Amino acid sequence: MANAPSNLPSDAFVFFGATGDLAYKKIFPALQAMIRRDGMDIPIIGVAHAGWSVEQLRERARDSIVKHDTLDPDAFAKLSANLGYIDGDYADAATFAALKQALGGAQRPIHYLAIPPSLFATVVQGLDKAGCATGARVIVEKPFGRDLASAHALNATLHSVFPEEAIFRIDHYLGKEAVQNLLYFRFANTFLEPIWNRHYVDSVQITMAENFGVQGRGSFYEEVGTIRDVVQNHLLQVVALLAMDAPTTRDVDALRAEKLRLFRAMRPLDPREVVRGQFDGYRDEPGVARDSKVETFVALRLHIDTWRWAGVPFYIRAGKNLPITATEVFVDLKRPPVGVFDDIGARDSNYFRFRLSPEVSICAGTRVKKVGEDMVGERVELVARRQLSREKSPYERLLGDAIHGEASLFTRDDSVEAAWRVVEPMVSGVPGVHIEPPSPYASGQWGPAAAAKLVAAREGWHDPLAEQSAPC
Ligand code: BG6
């Protein structure tokens, strides 16, 4: 096994999959941003098997930044000057020998595996044999496996070469400003704690809606479906931040320990409490099977068996081709125990609403008396909203953290496996339990009608709406 990395920042950035989609959409813009903001000045080496030259990669970087960000001439010139490229087969030792040479005197490279997990073993072994893993860090992308067994095997593959403290598993949701704010808001304020439990919280809903389809990624989506794509990772991470107990310190291990306890208290999904849907037209997408049973929508109920949350349903809903693109958490509080005023309807309880994307806001739903003689009120939402345009993108934040060895926004081996255990009944099946095929839904609808039945005992789904006011 390679030596553990020191606490010093990485001194070279290597990315496998340099000609691929992720590099194009996220990595090049993040690299330019790190150079612009922090003056990052280390060798940046792309690796791929595409028959390209370094000039072609530079052109690709330029295109990527023009398309997804704004080209900054100085920062881009520095990126171009530091950019190298190795073209070669990942199974060929010569590729790694060339990488070793390109790394020159770098002592602490970081290797980003922006490639399918099926190639992880070949690449980490290649790195190890060529001596490129010593003192190095490694970043791996989601999806981290397809089920509990494959995630466990991937962890074993990585651990055969890298110690756990050198491994950075990316979940870009954890790099979002609004997701970090969930943690901050919960534990920097005292007023929430007395009510943040089964005595005052009636239910929690998390909706991640997208008003677009699979955007040409049909063959990728066929391999994953909504549960693997966004529930096992992004949305369970959001649940963990909402429901975990306070860590005793900001220390990365304290935070990870509390999250792990929470993941372990989540009950594995009961297929009878899961509704899957598939948008009409999905089967006509390139790369999608004509009889595909892959879900593009899911709604489910999650149970958390702790003293804090026993009996409080956590509902999760996510899907493609829904009416809006928005991710929102809705924490519904219980109604007043005695009906002093009789104008309080079923949907008038207090609530907290956290808008995580695309806008960022925290809102508290309250009842306030209307002006006049009658003791009747109206719903008033207290809103704190932020404009985020100058903030770091999740990839800039996460890659920067990994380069500095700062691990708190990355998922540890035990947590990633604990999260797979929760969704395991839906991805691997349960003996004797029939998993219904996904029900069709029309694009622009909130999934199949059956999703409403899940929340029938509550007040229905709280659909995220377009945010009304301008950011302040
Ligand atoms: C990705 C999923 O992880 O997250 C996509 O693979 C999804 O299917 C995306 O669209 C959403 O992320 P964001 O940051 O655009 O909300």
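Since we're looking at a predicted model, the values are computed, not measured. For ligands, and for the atoms within them, numbers begin at 1 and follow the listed sequence.
Each of the atoms 11 (C) of ligand 1 lies under 4.0 Å from some heavy atom of Met208. Contact atoms of ligand 1 toward Lys320: 5 (C), 7 (C), 8 (O), 10 (O) (distance under 4.0 Å to a heavy atom of the residue). Short contacts between ligand 1 and Asp229, defined as distances under 4.0 Å to a heavy atom of the residue, involve ligand atoms 2 (C), 5 (C), 6 (O), 8 (O). Of all atoms in ligand 1, numbered sequentially from 1 with element shown, those under 4.0 Å from a heavy atom of Lys176 are 13 (P), 14 (O), 16 (O). The contact set between ligand 1 and His234, taken as ligand atoms under 4.0 Å from a residue heavy atom, comprises 1 (C), 3 (O), 4 (O). For ligand 1 and Lys142, the ligand atoms under 4.0 Å from any heavy atom of the residue are 1 (C), 2 (C), 3 (O), 6 (O).
Formation of a donor-acceptor pair under 3.5 Å by the Arg186 side chain with backbone atoms of Met244 is found in this model. Of the possible polar contacts, one joining the Arg283 side chain to the Ser292 backbone as a donor-acceptor pair under 3.5 Å is found.
Scanning the protein heavy atoms around atom 12 (O) of ligand 1, the nearest turns out to be His172 NE2, 3.1 Å.
Counting heavy atoms only, Glu210 comes closest to atom 10 (O) of ligand 1 of the residues Arg217, Glu210, Gln215, Glu141.
When the options Thr226, Val329, Val230, Thr207 are evaluated for a side chain to side chain contact (heavy atoms under 4.5 Å, CB included) with Leu235, the one that passes is Val230. Partner of Phe330 under the ring pair (Phe, Tyr, Trp, His ring centres under 6.0 Å) criterion, chosen from Tyr351, Trp461, Phe314, Tyr315: Tyr351.
In this structure, Phe28 has its ring center closer than 6.0 angstrom to the ring center of Phe15. In this structure, the ring of Phe16 has its center no less than 6.0 angstrom from the ring center of Tyr112.
Note that atom 15 (O) of ligand 1 has no protein non-hydrogen atoms nearby, at separations under 4.0 angstrom.
For Met40 against Ile403, the heavy-atom pair with the smallest separation is SD-CD1, 3.8 Å.
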